[in-house]
Amino acid sequence: PICASHMLGMYYFSVCLFGGPMGDGLKPQNNLECLQSGSACGNVIIRPATEADAAFVHNMMCQLETMEFDYPSFLPRFSRQLHNPTYPCLIAESGGSPAGVINLKIEAHLHHECPTAEICELVVDARARGGGIGTKLVQRALRIAREAGCEVLELSSNGSRTDAHRLYERLGLSKTHWHMTMPLEK
């Protein structure tokens, strides 16, 4: 089924990663160690997603789109992406429980000299919003994108997600494109 939110206006945000003012305010070595060891970064732990996170990530995707996705068909998609280095997926934990997820896609495009990074999904559990988890996830995405040699970090966002737009703009992303969609019949 096509969710009504897919038919609303969407904005395309991006930030240039070469020589721009988009520092994340975190020391790379400390945060890389934090990601690798799974240790706490402030009150939030950022770690790579695993198969054991499937139910949580599924729940976050349902929250994002305000609809229930079929769990059995979600599992193989999630597993394929977890095993594909093109799709780094990270989980934020707060108080020992998963609280947010960010899923990236890093790839080369013909119209860019260097790879690009796209935030495919970013969701903080509704019960954990407003505590800086989304900021930490985007900051980690920026670090991963820079380490991969990407020239830009991009994302599309539903026009109705104004709180998310404020977060993206506060972090240095800007509205640069319109994202247009056309639902395809099956």
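Between P115 and G149 the shortest heavy-atom distance is CD-O, 3.6 Å. E113 approaches E151 most closely through the heavy-atom pair N-OE1, 3.2 Å. Nearest heavy-atom pair, G100 versus L137, reported as atom, atom and distance to 0.1 Å: C-CD1, 3.9 Å. Residues V124 and G134 share a closest heavy-atom pair of CG2-N, 3.6 Å. Minimum interatomic distance between C150 and T116 (heavy atoms only, all atoms of both residues): SG-C, 3.7 Å. Considering all non-hydrogen atoms of both residues, L155 and S157 come closest at CD1-CB, 3.9 Å.
A salt bridge (charged side-chain N to carboxylate O under 4.0 Å, His left out) check over residues 120-132, counting only residues at least two apart or in different chains, returns the pairs D125-R127. For the salt bridge (charged side-chain N to carboxylate O under 4.0 Å, His left out) condition, no pair includes a residue of residues 72-85, sequence neighbours left out.
Applying the ring pair (Phe, Tyr, Trp, His ring centres under 6.0 Å) test to F78 and every residue at least two apart in sequence or in another chain returns F74. Every ring pair (Phe, Tyr, Trp, His ring centres under 6.0 Å) that H111 has, sequence neighbours left out, goes to H109. For the side chain to side chain contact (heavy atoms under 4.5 Å, CB included) test, residues two or more places apart in sequence or in another chain that qualify with T135 are Q139, L167, R170, L171.
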Could you pull out all donor-acceptor pairs under 3.5 Å where a side-chain atom in residues 52-61 meets a protein atom, sequence neighbours excluded?
{"unit_1": "D53", "atom_1": "OD1", "unit_2": "R47", "atom_2": "NH2", "d": "2.7"}
{"unit_1": "D53", "atom_1": "OD2", "unit_2": "R47", "atom_2": "NH1", "d": "2.8"}
{"unit_1": "D53", "atom_1": "OD2", "unit_2": "R47", "atom_2": "NH2", "d": "3.4"}
{"unit_1": "D53", "atom_1": "OD2", "unit_2": "T50", "atom_2": "N", "d": "2.8"}
{"unit_1": "D53", "atom_1": "OD2", "unit_2": "T50", "atom_2": "OG1", "d": "3.4"}
{"unit_1": "H58", "atom_1": "NE2", "unit_2": "F69", "atom_2": "O", "d": "2.7"}
{"unit_1": "N59", "atom_1": "OD1", "unit_2": "Q63", "atom_2": "NE2", "d": "3.2"}

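The structure places CG of L64 at 8.5 Å from CG of L122, a figure rounded to the nearest 0.5 Å. Here the straight-line distance linking atom CD1 of I91 with atom CD1 of I102 works out to 10.5 Å at 0.5 Å rounding. Between the CD1 atom of I106 and the CG atom of L153 there is a distance of 9.0 Å, given to the nearest 0.5 Å. For the atom pair N103 CG and I119 CD1, the distance stands at 10.0 Å (nearest 0.5 Å).
Linking ILVMFWY side-chain heavy atoms closer than 4.5 Å, directly or via other members, places Y87 and L75 in two distinct hydrophobic clusters.
Side-chain contact between Q81 and K105: absent, with no pair of heavy atoms (C-beta onward) separated by less than 4.5 Å. Using a 4.5 Å heavy-atom threshold, the side chains of I46 and K136 count as touching.
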